[in-house]
Amino acid sequence: MVEREQWSTYSGFVLATIGSAVGLGNIWRFSYVAGENGGAAFLLLYLVYVITIGLPLVIAELTLGRRAQGDAIAGFEASGPRSSWRYAGALAGVGAILILSYYSVIAGWALKYLIGAAFGPLWDQAAQGYGQYFRTFISRTGEPVIWQILMLGASVAVVAAGVRAGIETVNRWLMPLLALIVVGLAGYSVTMPGSAAGVIFLFAPDWSAIGRAEVHAAALGQAFFSLGIGMAVLLTYGSYMPRGFRLPRSALAIIIGDTGFAIISGLAIFPAVFAFGIDPSSGPELAFITLPQIFLQMPGGAWLGVAFFFLLSAAALTSMVSLLEVPVSMAVQRLGATRRNAVMVIGAITLALGLPSALSFGLLADIRIGRHGILDAADAVVSNYLLPFGGILIALFVGWKLKMGEALSESELGQGWLGLVWLWLLRVLAPLTLTTILLRSATAL
Ligand code: PFF
């Protein structure tokens, strides 16, 4: 058996975990979910859930991974390898492939827009309007699949190169660059005339939205999706962490990095949306229909468009890589596969599973699951059920199944009040809140 790799530096590890967390969720999903759920009120609830449930779970996942020094299945082994908790690990592997299957479709859209913005075709489409342009594109049969394959292929190449040479290197280059781009875009956006309304929308709470159950559900779902908790991604990255890295500090860095990124991309998007008098609740289309229209009308807009869609595609890539690593690490450890073979086979399975999502606005548009088309249904299942369910399992396992002393020492939180607060948040608050939200989603069907 080949020796298990480890991250080469602390900063490389933290950048990789932030790269996993920062993705389409922070830019494409955060902006439209916040727009639909009352802006600042949503943001406030989002922050509350990130701190009370997100942070404890991030620490829990990293703890399980580092303790196991193995894949997600090993992460759920408490006393011996025979317990049925192992199925929780296996579920995470399947879940990660499911997320990747539709996530790669949207990532493919971002890549198409990037290439279109860089080489001009995107800007030639203005006459017919971007609504028409976007809908024609996603309803074609071949094109969305080709862009999806390109994004999946790039992720496969990175993961095949290994934890250090692939994942760590790519994140080390891309993440600082993406931070520069998003700060630059936000700076440009907030200095536009008429942008103040957008800043107010993002930061001044509409208190009536705070009491609405669906705003709570949306905030919690977004926190899970954005941090990428529940599907053992952080567990798997944590398993390549050497003993010397400080665990709670890394968890804090992930939370701050991810939330900071979401807020700053909100500052890049909403002020511009308001400056052009557009309704902020235009839904998932915001990034692909509203924004190109805005770029077109701005001085230097073509460059801004290239920067924005590069940001979107690259952020998606670093998240896809982390999702792919979960089943790949399992195949390498359990089946004795080489990393290269594992990643190729899993990449192919993901593509096959993702085809229905890629075709869900064209060839397969008539297939409806409840109110949703296939891609939207996959996203709803993942955010409303799969991630919260994974979160419950992790909270219960660390809170109740691991020995208390072991959980406290492995997490480095220790026996003091900090460790106890963490443990009780995992034992009680996280499972109760998540179960409530799960049941609510199930009854609202
Ligand atoms: N956190 C990523 C994003 O915000 O786009 C997506 C994601 C990664 C979701 C990992 C779930 C996951 F397990």
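First listed ligand is number 1; within each ligand, the first listed atom is number 1. Here the structure is a predicted model, which means the values were calculated and not measured. What you see below is based on every heavy atom in this structure, not just the backbone, and it leaves out hydrogens, waters and symmetry mates.
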Asker: Are any non-hydrogen side-chain atoms of Ile392 and Thr435 less than 4.5 angstrom apart?
Answerer: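 Ile392 vs Thr435: side chains touch.
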Asker: What residues form a salt bridge (charged side-chain N to carboxylate O under 4.0 Å, His left out) with Arg135, not counting sequence neighbours?
Answerer: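 Partners of Arg135 under the salt bridge (charged side-chain N to carboxylate O under 4.0 Å, His left out) test: Glu285.
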Asker: Should we count CZ of Phe389 as having more than 12 external heavy atoms under 6.0 Å?
Answerer: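 Atom CZ in Phe389 is not crowded, with 12 or fewer foreign heavy atoms closer than 6.0 Å.
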Asker: With a cut-off of under 6.0 Å to the ring centre and 45° to the axis, is Arg427 in cation-pi contact with Trp400?
Answerer: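 Yes.
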Asker: Below 30° counts as parallel, above 60° as perpendicular, anything between as tilted: where do the rings of Tyr133 and Tyr130 land?
Answerer: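 Because their plane-to-plane angle is over 60°, the rings of Tyr133 and Tyr130 count as perpendicular.
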Asker: If you count every heavy atom of other residues, nucleotides or ligands that lies below 6.0 Å from Arg340 atom CZ, does the total exceed 12?
Answerer: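 Count not over threshold, so no.
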Asker: Check each protein residue for a heavy atom under 4.0 Å from ligand 1 and list those that pass, ordered by chain and number.
Answerer: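 Under the 4.0 Å cut-off, ligand 1 touches Ser20, Ala21, Gly23, Leu24, Gly25, Asn26, Ile99, Tyr103, Phe225, Ser226, Gly228, Met231, Val233, Ser319, Leu323.
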